[in-house]
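Note that the coordinates shown come from a computational prediction; the quantities given were computed from them, not determined experimentally.
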Amino acid sequence: MLEGAKSMGAGAATIASAGAVVGIGNVFSSLIHSVARNPSLAKQLFGYAILGFALTEAIALFASMMAFLISSVF
C-alpha cells in the first residue's frame, strides 16, 4: 500500500514537468512575437527571455527533485 502511494505521489510530482514545457514554449513564443514587432530591442528581450527560461526550468527541476525524494527517501 505504501509503495503504491509513493508511486502515485512521484507521478503527480512529475506532472509539473508538462507545465514547465508549456511555460518555456510561451516564453520563446513571446520572444519571437516581440522581436517581430520591435527588432531594435532584440538584445534586451533575449535577456528577459533567458531569465524567464531559467525560472521556468527551475520549477521543472524542483518537481523532479520532489519526485525523487518521494520515491526514494520517504
Are the side chains of Ser29 and His33 in contact, using a 4.5 Å heavy-atom criterion? yes
With respect to Val35, which candidate in Leu31, Asn38, Ile32 satisfies the side chain to side chain contact (heavy atoms under 4.5 Å, CB included) definition? Leu31
So for atom CE, which belongs to Met8, do other residues, nucleotides or ligands contribute more than 12 heavy atoms lying within a distance under 6.0 Å? no
Between atom OG1 of Thr56 and atom CG of Leu61, what is the distance when rounded to the nearest 0.5 Å? 11.0 Å
Same apolar cluster (I L V M F W Y, side chains within < 4.5 Å links), Leu51/Leu45: no
Going hydrophobic residue to hydrophobic residue with side-chain gaps under 4.5 angstrom, can you get from Met65 over to Val73? yes
For the residue pair Leu55 and Ile59, establish whether any side-chain heavy-atom pair is separated by less than 4.5 Å. no
Heavy-atom nearest pair, Ala16 first then Ala63, reads CB-CB, 3.5 Å
Taking atom CZ as the centre, does Phe28 end up with more than 12 heavy-atom neighbours from other residues, nucleotides or ligands that are less than 6.0 angstrom away? yes
Least distance between heavy atoms, Ser71 atom then Lys6 atom: O-CD, 4.2 Å
Separation between CG (Leu41) and CZ (Phe46), nearest 0.5 Å, reads 15.0 Å
Nearest heavy-atom approach of Ala10 to Ile70 is N-CG2, 3.7 Å
